[in-house]
Amino acid sequence: MSNSLNQQILLKSRPVGEPKETDFALVETPIPEPGEGEILSRTIYLSLDPYMRGRIRESKSYATPVQLDSVMVGGTVSEVIKSNHPQYHEGDFVLNFNGWQTYGVSKGDTLRKLDQNLAPLSYNLGVLGMPGHTAYSALLDIGQPKAGETVVVSAASGAVGAVAGQIAKIKGCRVVGIVGSDEKRDFVVKELGFDVGINRKTQELSPALKEACPNGIDIYFDNTAGAILEAVLQQINLGARIALVGLISEYNAINPPAGPNLTPLLINRALIKGFLVSDYQHQFNDFITDVSGWLNSGTLKYREDVVVGLENAPHAFIGLLQGENFGKLIVKVKI
Ligand code: NAP
Ligand code: FER
């Protein structure tokens, strides 16, 4: 591997079911030249996120798919190497979208400059980035949490779930987190301060939820859909709110899964609303102000799962969809 070349991970085939490492390939190409108004940057951190599973499908959903033999998409923290844009200079750190490659060219008006004195640079891909923003806006806007209410969060130790559950605690709610291991269960209770953790792999969901939520469920922050949504619906309260944020239990499914029984939604006149973080740009400044404040005061804790080396991105991404990450999954790209 050479430092004078751009290392890129391309999508080679569209996975059926679980992605495989052979669906991706590492190639080396010349480092690109920035055009007018553009900057060339070196990738420092690459974010790996569940939405990428949707982007490697053929069909368009809310975004266009990655083409075969193209570089995988992804949010990045990068260092400016060359700039043809008046607002950016060599050595600046920026949030951009280089994708799974060591260098990238971006248009100057699609970037955000980062200040590494405010927070570790990688946080801009997690707690102070798209996942944190998702947690903040989906919980506060759709969930409308009130002190004393019961909030259930799935994928609760992850990038989005951990922040959502902690904000619900800050708002005075009883918070129950559903996770995939005992270690993650201990983490959400002992480190993050949730009231109860449930291991979805070893505990039966309905009785565990009944015990954890003696007053029923007012808000469900749904990162998973599937069996967890089904079990939660059976115990929702009158006027419950459900933020449908992610359906990770279905992302690798080959056939469309059977839907849950929706009768409890009707009986309880409950609200279920789909959420896309891109609709909430207007709340970005409030999100940064509040979440940075909670982070700096130690009220909100943040855990990262850092994998070193771009070549390990496919393996780590496959693991993300199987619950192998513990905290926000980031690739530290070494050049
Ligand atoms: P994450 O929680 O850090 O990682 C994914 C986690 O999902 C895994 O660690 C695993 O946790 C859990 N999981 C995997 N397969 C599962 C299954 N079959 N059933 C239940 N849980 C499963 O990822 P994230 O970045 O925070 O994303 C969480 C969710 O938010 C995803 O669904 C994502 O698509 C969604 N999201 C939506 C938006 C939006 O705008 N709508 C934006 C960002 C993220 P356990 O081991 O604990 O089960
Ligand atoms: C976005 C909207 C949604 C985005 C990511 C998501 C990277 C994530 C959706 C999901 O995980 O379901 O603009 O930008």
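Keep in mind it's a predicted model, so treat the numbers as computed, not measured. Because only heavy atoms are used, hydrogens play no part in the values below, and waters and symmetry mates are left out as well, while side chains stay in. Counting from 1, the numbers follow the sequence of the chain as shown. In listed order, ligands and their atoms are each counted from 1.
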Just to confirm my output: which protein heavy-atom neighbour is closest to [atom], and how far is it?
{"atom": "atom 16 (C) of ligand 1", "result": "R200 NH2, 3.4 Å"}
{"atom": "atom 34 (O) of ligand 1", "result": "Y251 OH, 2.7 Å"}
{"atom": "atom 25 (O) of ligand 1", "result": "P50 CD, 3.3 Å"}
{"atom": "atom 37 (C) of ligand 1", "result": "V245 O, 2.9 Å"}
{"atom": "atom 43 (C) of ligand 1", "result": "M130 SD, 3.4 Å"}
{"atom": "atom 11 (O) of ligand 1", "result": "K184 NZ, 3.7 Å"}
{"atom": "atom 41 (N) of ligand 1", "result": "F275 O, 2.7 Å"}
{"atom": "atom 10 (C) of ligand 1", "result": "G323 CA, 3.5 Å"}

Q: Would you sort out whether F287 and Y280 count as a ring-ring contact (aromatic ring centres under 6.0 Å, His included), showing the intermediate values?
A: CA-CA 10 Å; F287 149 64; Y280 284 81; over 10 Å; no

**Q.** Per-atom contacts of ligand 2 with Y62, taking only distances under 4.0 Å to non-hydrogen atoms
**A.** 2 (C), 3 (C), 6 (C), 8 (C), 9 (C), 10 (C)

**Q.** V277 neighbourhood, listing ligand 2 atoms whose heavy-atom distance to it stays under 4.0 Å
**A.**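 With V277 as reference, the close atoms of ligand 2 come out as 1 (C), 2 (C), 3 (C).
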
Using distance alone, decide if ligand 1 has a nitrogen or oxygen within less than 3.5 Å of any nitrogen or oxygen in [X].
{"X": "N223", "value": "yes"}
{"X": "P131", "value": "no"}
{"X": "I228", "value": "no"}

Q) Evaluating non-hydrogen atoms only, which member of L321, L247, N325 is closest to atom 15 (N) of ligand 1? A) L321

(Q) Among V160, V277, I248, which one puts a heavy atom closest to atom 24 (P) of ligand 1? (A) V160

(Q) Under 3.5 Å between any N/O of S278 and any N/O of ligand 2: does that happen in this structure? (A) yes

Q) Parallel under 30°, tilted from 30 to 60°, perpendicular over 60°: which one fits the rings of W100 and F24? A) parallel

Q) Apart from V71 itself, what residues make up its hydrophobic cluster when side-chain heavy atoms of I, L, V, M, F, W and Y under 4.5 Å apart count as a link, directly or indirectly? A)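 Other cluster members: L10, V27.
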
Q. Residues two or more places apart in sequence or in another chain: which of them pass ring pair (Phe, Tyr, Trp, His ring centres under 6.0 Å) with Y51?
A.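 None.
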
Q: Report the part of E324 in contact with ligand 1, treating N, CA, C, O as backbone and CB onward as side chain, heavy atoms under 4.0 Å; options are side chain, backbone, both, neither.
A: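 Neither; nothing of E324 gets under 4.0 Å from ligand 1.
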
Q. Which bit of V179 gets closer than 4.0 Å to ligand 1, counting heavy atoms only: side chain, backbone, both or neither?
A.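 Within the 4.0 Å criterion, V179 contacts ligand 1 through backbone and side-chain atoms alike.
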
Q: Tell me which part of Y251 gets within contact of ligand 2: side chain, backbone, both or neither, using heavy atoms under 4.0 Å.
A: side chain

Q.
Would you say L244 ends up clustered with I236 if hydrophobic residues are merged whenever their side chains have heavy atoms under 4.5 Å apart, either directly or through other cluster members?
A.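 In one cluster: yes.
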
Q: Report yes or no: do V277 and V245 belong to one cluster of Ile/Leu/Val/Met/Phe/Trp/Tyr joined by side chain heavy-atom distances under 4.5 Å?
A: yes

Q) Using the benzene-type ring in the case of Trp, are the ring centres of H85 and Y88 under 6.0 Å apart? A) yes

(Q) Side chains of D305 and N325 only: does a donor on one sit below 3.5 Å from an acceptor on the other? (A)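 Judged by distance alone, the side chains do not pair up.
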
Q.
Quick one, D23 with K12, criterion salt bridge (charged side-chain N to carboxylate O under 4.0 Å, His left out). Give me CA distance, side-chain angles, the key distance, then yes/no.
A. CA-CA 5 Å; D23 293 322; K12 295 306 289 182; over 6 Å; no

**Q.** Atom pair OG1/CD of T150 and Q235 - distance to nearest 0.5 Å
**A.** 11.0 Å

